[in-house]
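Inspection log for the structure reproduced underneath, given as structure tokens.
Chain naming here is simple, since letters A, B, ... match the order of the sequence lines and numbering starts at 1 in each. Fair warning: this is a prediction, and the values are worked out from it, not measured in the lab.
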Number of protein chains: 2
Amino acid sequence: MSAIDRSLVACLPIFAECSSEQIDDILREARPARFEKNANVFEQGEKAAHFYLLLHGRIRACKLTPAGEEVVIRFIAPGEMFGVAMAIGRDAYPATATAVVDSLVLAWPNSAWPSLLARNPALAVNTMRTLGARLEESQTRVIEMSTEAVERRVAHAILRLVNQAGRKTDDGVLIDFPISRQDIARMTGTTLHTVSRILSAWQTLGLISSGRQKIVVREPHKLYLLAESSEK
Amino acid sequence: MSAIDRSLVACLPIFAECSSEQIDDILREARPARFEKNANVFEQGEKAAHFYLLLHGRIRACKLTPAGEEVVIRFIAPGEMFGVAMAIGRDAYPATATAVVDSLVLAWPNSAWPSLLARNPALAVNTMRTLGARLEESQTRVIEMSTEAVERRVAHAILRLVNQAGRKTDDGVLIDFPISRQDIARMTGTTLHTVSRILSAWQTLGLISSGRQKIVVREPHKLYLLAESSEK
DNA sequence: CCGTCTGTTTGTCGCAGCGCAACTTCTCGA
DNA sequence: TCGAGAAGTTGCGCTGCGACAAACAGACGG
């Protein structure tokens with residue numbers, strides 16, 4: 001692990017309140033691993049052997065329904081922990097994690113978790129916060145799915161992606177990893193047909209411009225209005 | 001707090017791995033409080049001052065959307081912690097908690113949380129498990145909302161209620177607290193009209209029998225088949 | 001014992017969005 | 001350079017579910 005990564009990791013929220021020595025102590029037990037685009041870091045149902053921190057790249061967490069449909073739970077950004085089955089008392093991964101671009105992760109063996117926790121009480125506090133944040137996000141999605149129309153849900157999903165992975169360009173804000181209409185459909189509980197229609201309409205209106213696996217939001221503010229206001 | 005409550009609390013999962021002395025130590029800082037039917041324990045957005053353990057009764061956790069609609073997040077059973085905003089680093093309650101029957105709770109001041117955690121490392125582990133379980137439940141709901149038709153969602157919701165609050169009677173399994181069609185609609189993201197139609201149909205088929213704020217599941221197995229099988 | 005209120009039932013109607021299918025376009029590997 | 005497959009677009013018909021409306025029943029207070 002390079003010195004650059006080292007100092008980058010030190011300021012992550014998950015390590016807040018940990019001393020420099022503690023962080024070194026924690027990192028010593030981890031090993032880096034590389035996953036190329038479209039490779040799975042782990043699969044749903046697989047026995048959990050490691051937990052992970054994403055250093056570079058982007059990971060998609062997906063769940064398979066009993067009927068065989070896939071639902072996108074979230075996209076993981078650099079700096080986030082994932083695959084923390086151990087922390088929540090599971091012995092299998094509850095979802096499949098797939099690299100959507102070439103990615104670099106740190107992997108800890110599950111067996112390291114209890115001792116890390118014992119030596120770093122702040123880690124427990126920070127992990128609870130992370131879980132709490134994810135719980136809130138998930139509940140927000142339940143509420144959206146319950147009460148909002150498809151077009152709004154798509155708008156919210158895209159704004160969330162912009163917040164998480166937006167990169168300014170001269171045209172607007174680019175979502176900085178390859179994402180298909182199918183992905184957005186699986187995030188919003190609709191079909192790729194409907195997403196395609198909606199995005200086409202927005203493109204005509206000049207709100208966005210999009211291509212194959214690529215979305216640029218030209219007018220984030222207008223999209224926000226669309227997502228929030230009650231008018232049609 | 002009575003001796004009966006005392007021994008009841010001692011075997012809760014949230015206190016797993018805590019010694020008897022530790023539990024006494026934890027309980028010493030809590031105070032009991034009573035809430036009568038339809039009273040709010042706390043409201044969404046209110047500054048969080050306490051966290052709670054439900055001893056007896058039933059609490060409904062509800063979220064209000066920006067548009068003013070209510071969504072039922074979950075029903076809290078005796079033995080569950082709730083209002084743990086402090087643990088996840090929030091300073092306001094993210095939902096409204098309402099007693100659906102006369103209820104008895106234990107309340108800790110928020111200020112007690114850090115020291116409790118410091119003195120009882122197992123509490124952190126158990127809290128993470130609880131949060132993890134809620135996260136999975138919430139994600140399951142997202143998946144259901146994304147992929148399943150209304151009738152199935154209602155079936156799942158009722159089966160969940162049966163698991164959580166079912167009481168055997170000679171007619172079948174009674175959901176042991178007053179619950180309206182409106183509540184079920186707010187759990188499944190539909191309207192009370194649709195819920196009413198579905199329950200009426202099930203009643204005709206003999207799957208359930210229901211009345212005002214009351215549901216008895218006569219044929220849990222058949223309802224389960226309805227919820228899981230792919231056929232209509 | 002009666003009036004009122006809340007929760008429930010039932011019917012009709014319209015439309016959003018899904019399934020299906022055909023077609024186009026882009027990408028990538030051989 | 002070309003072919004195959006993946007990703008996206010678009011039209012059409014059908015239906016499930018929400019909106020609105022109206023009546024009904026059980027609970028509760030006076």
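- As a whole-Å value, the separation of A:Met145 CE from D:dG18 C1' is 16 Å.
- For B:Leu199 and C:dT9, the CG to C1' distance is 11 Å, given to the nearest whole Å.
- Contact annotation for B:Leu192: base contact, defined as any heavy-atom pair under 4.0 Å involving a base atom.
- Residue side chain B:His193 does not reach the base of C:dT8 through any donor-acceptor N/O pair under 3.5 Å, judged by distance alone.
- Between the side chain of A:Arg212 and the base of C:dT27, no donor-acceptor pair under 3.5 Å is found.
- Checked against a 6.0 Å centroid threshold, the rings of A:Phe82 and A:Phe51 do not count as neighbours.
- Using a 4.0 Å cut-off between a side-chain N of Lys or Arg and a carboxylate O of Asp or Glu, B:Glu69 and B:Arg186 do not qualify as a salt bridge.
- In this structure, CD1 in B:Ile175 is found 6.5 Å from CZ in B:Phe177, a value given to the nearest 0.5 Å.
- For the segment residues 169-190 of chain B, the set of residues with a heavy atom within less than 4.0 Å of an atom of DNA chain C comprises B:Ser180, B:Arg181, in numerical order.
- Atoms CZ (B:Arg153) and P (D:dG16) sit 14 Å apart, rounded to a whole Å.
- Here C:dT6 presents its P atom at 12 Å from CD of B:Gln213, a figure rounded to the nearest Å.
- With C:dG17, C:dT9, D:dC17 as the candidates, the nucleotide lying closest to the side chain of A:Val150 is C:dG17.
- With C:dT25, C:dT9, D:dC17 as the choices, the nucleotide that has an atom nearest any side-chain atom of B:Ser210 turns out to be C:dT9.
- The listed nucleotides are C:dG11, C:dG17, D:dT9; the one nearest the side chain of B:Arg197 is C:dG11.
- For the 3.5 Å distance criterion, the side chains of A:Gln203 and A:Ser210 qualify, holding a donor opposite an acceptor.
- Here the P atom of nucleotide D:dG8 and the CD1 atom of A:Ile198 are 14 Å apart, to the nearest Å.
- If you take CG of A:Asn38 and P of D:dA6, they are 12 Å apart, rounded to a whole angstrom.
- A:Thr127 and A:Thr130 share no donor-acceptor pair across their side chains, judged by distance under 3.5 Å alone.
- Rounded to whole Å, the distance from CH2 on B:Trp202 to P on C:dT9 is 13 Å.
- Look at A:Thr191 and you'll find a side-chain N or O under 4.0 angstrom from OP1 or OP2 of C:dC18.
- Between the side chains of B:Glu219 and B:Trp202, no donor-acceptor pair of N or O atoms lies under 3.5 Å.
- Of the candidate nucleotides D:dT9, C:dT9, C:dC18, C:dT9 has the atom nearest to the side chain of B:Ser200.
- Checked for salt-bridge contact, A:Glu80 and A:Arg74 meet the test: a charged N lies under 4.0 Å from a carboxylate O.
- As judged by a 4.0 angstrom heavy-atom cut-off over every strand, B:Ser196 is placed among the base-contacting residues.
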